[in-house]
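To keep things clear, I will list the structure first and then write my remarks on it.
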There are 2 protein chains.
Amino acid sequence: MSPRHSAEDAQRTRTAIVEVGTQQASIEGLDGLTIGRLANALGLSKAGVIGPFGSKETLQLEVLHEAVRIFIRRVWKAVANLPPGRSRLLAISEHWIDYLADCPLPGGCFITTASTEWDARDGPLRDAVAEAQRRWLDTLRADAEVAIRAGELPGDTDPAEVAFELNGIAMSLNQAIQLFRDDTAPDRARRSMARVLAAAEPQ
Amino acid sequence: MSPRHSAEDAQRTRTAIVEVGTQQASIEGLDGLTIGRLANALGLSKAGVIGPFGSKETLQLEVLHEAVRIFIRRVWKAVANLPPGRSRLLAISEHWIDYLADCPLPGGCFITTASTEWDARDGPLRDAVAEAQRRWLDTLRADAEVAIRAGELPGDTDPAEVAFELNGIAMSLNQAIQLFRDDTAPDRARRSMARVLAAAEPQ
DNA sequence: CCTACCGATCGGTAGG
DNA sequence: CCTACCGATCGGTAGG
């Protein structure tokens, strides 16, 4: 009740703002976030929402990073300790599809939405989105490289193409789920990803 | 100079508003369209911009349909007279990739942007986006069905999966071009689409 | 198709 | 973290 809050309280408020902001932005886009609606949803004043961040852009960047953390937690953490290679790419596929089919954010894949929202603009948000997407594609490509060297994928496979295709399947799945509410799509995506990751013929 | 305009003039103005609106919306999104900026870009008053349409939503719907017309003109018109089947799907792939690599709209593929922008919302715009995307996927699937029946694609191919995968590759390509400015991506997409459309082994 | 205007909301700040 | 406020802009309308 007192206006004198502890640093702990301030941190809790900050966290709550980012969490609710992530939910809202997954639906309305990062640019669709507004301080006023956020304040209303949280029972705070607008000054209370923007204060901890200084500007809307800083808040948007934090919201984006929170969405990336959620993705990593759901898709990467479970496989991070597996040895790199084809079997880990198959495990990633499973978790990725599960993440999209049972998404913790109401608007589906945040990075995909943010990517199409910012890909034709300039500035820190575009750069942050590009870097997050870049890192994920690099992660996939690195595993594909290991798989090719180990003979688990055909020797003439282009590792960047594996990342490119898996990413495309994930975006197509995200659209099927969000735009068409098609619950047969996860199985389709599973088959498609398995085809991209088809094992090399034994010599 | 006279405020008394012909119906022809009125039509010209309407067309100009939709055209400039399509350019702007391809960058800022359909929701990012504003009457004020549109009026400014066109040298009109806000009333002059919104008047012919009655509401922003009607204008947004017309902008969306204009973007669909542009896509059809660039990707579909050139192949519409070819016989359906695998070779037409390959021709579509070529035109689709060319369209994305040398896009008439500054923001890249409008439908992809509109899809992620509206897929988590309700209303006429979401419905219109879904219908446009649905029609295109159905077109691809119908050609895949013909190709499978003709033995041009493997007999166990799922035609909906062909449409799903081609669409995913196109979205991945759109991202590579717009977000990463990666001009090696069109070739990658060509290889990926060719793989999806690999001919059935001759019996 | 214009001017002039409406209430609502935007991001953000001053001062406590 | 609040109240009270800022100028700017939003979509839209009245009246010509």
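So that the names make sense, note that chain A is the first sequence line, chain B the second, and so on, each numbered from 1. Just so we're clear, the structure is a prediction, and the values are computed from it rather than from any experiment.
- Scanning for side-chain contact (heavy atoms from CB on, under 4.5 Å) contacts around A/E152 gives A/R86, A/A147, A/A150, with sequence neighbours left out.
- Residues satisfying the salt bridge (charged side-chain N to carboxylate O under 4.0 Å, His left out) test with B/D138, not counting sequence neighbours, are B/R134, B/R141.
- Summary of the strand contacts: A/V49 and A/K46 both lie near DNA chain D, and taking for each the nucleotide with the nearest heavy atom, the more 5' one is attributed to A/V49.
- Pairs of Watson-Crick or G-U wobble type, with distances under 3.5 Å, assemble into runs of 3 or more in DNA chain D at these ranges: C:1-16 with D:1-16.
- You'll find that the side chain of B/K56 is closest to D/dG11, out of D/dG11, C/dG12, D/dC2.
- Listed nucleotides: D/dC1, C/dT3, C/dT13. Nearest to the side chain of A/I50: C/dT13.
- Candidate nucleotides D/dT13, C/dA14, C/dC1 were compared by shortest atom distance to the side chain of B/A47, and D/dT13 ranks first.
- In this structure, the side-chain contact (heavy atoms from CB on, under 4.5 Å) partners of B/R191, at least two apart in sequence or on a different chain, are A/D158, A/E161, B/D187, B/R188.
- Here B/E94 pairs with B/R190 under the side-chain contact (heavy atoms from CB on, under 4.5 Å) rule; sequence neighbours left out.
- No donor-acceptor pair closer than 3.5 Å links the side chain of B/T58 to the backbone N or O of B/G54.
- The CG-P distance, from A/D9 to D/dC2, rounds to 13 Å in whole Å.
- Proximity of B/S55 to the phosphate of D/dG11: no side-chain N or O atom is located under 4.0 Å from OP1 or OP2.
- Listed by residue number, the members of residues 14-44 of chain A with any heavy atom below 4.0 angstrom from DNA chain D are A/G43, A/L44.
- Residue pairs meeting the side chain to side chain donor-acceptor pair (under 3.5 Å) criterion with at least one member in residues 67-77 of chain B, sequence neighbours excluded, are B/E66-B/R69.
- Mapping B/G48 and A/G51 onto DNA chain C via the closest heavy atom, the residue that lands nearer the 5' end is B/G48.
- Counting only residues at least two apart or on different chains, no salt bridge (charged side-chain N to carboxylate O under 4.0 Å, His left out) pair has a member in residues 41-60 of chain A.
- For residues 163-175 of chain A, the pairs satisfying side chain to side chain donor-acceptor pair (under 3.5 Å) are A/Q133-A/N167, A/E165-B/S192, A/E165-B/R195, A/N167-B/Q175, A/Q175-B/S115, A/Q175-B/Q133, A/Q175-B/N167, with sequence neighbours left out.
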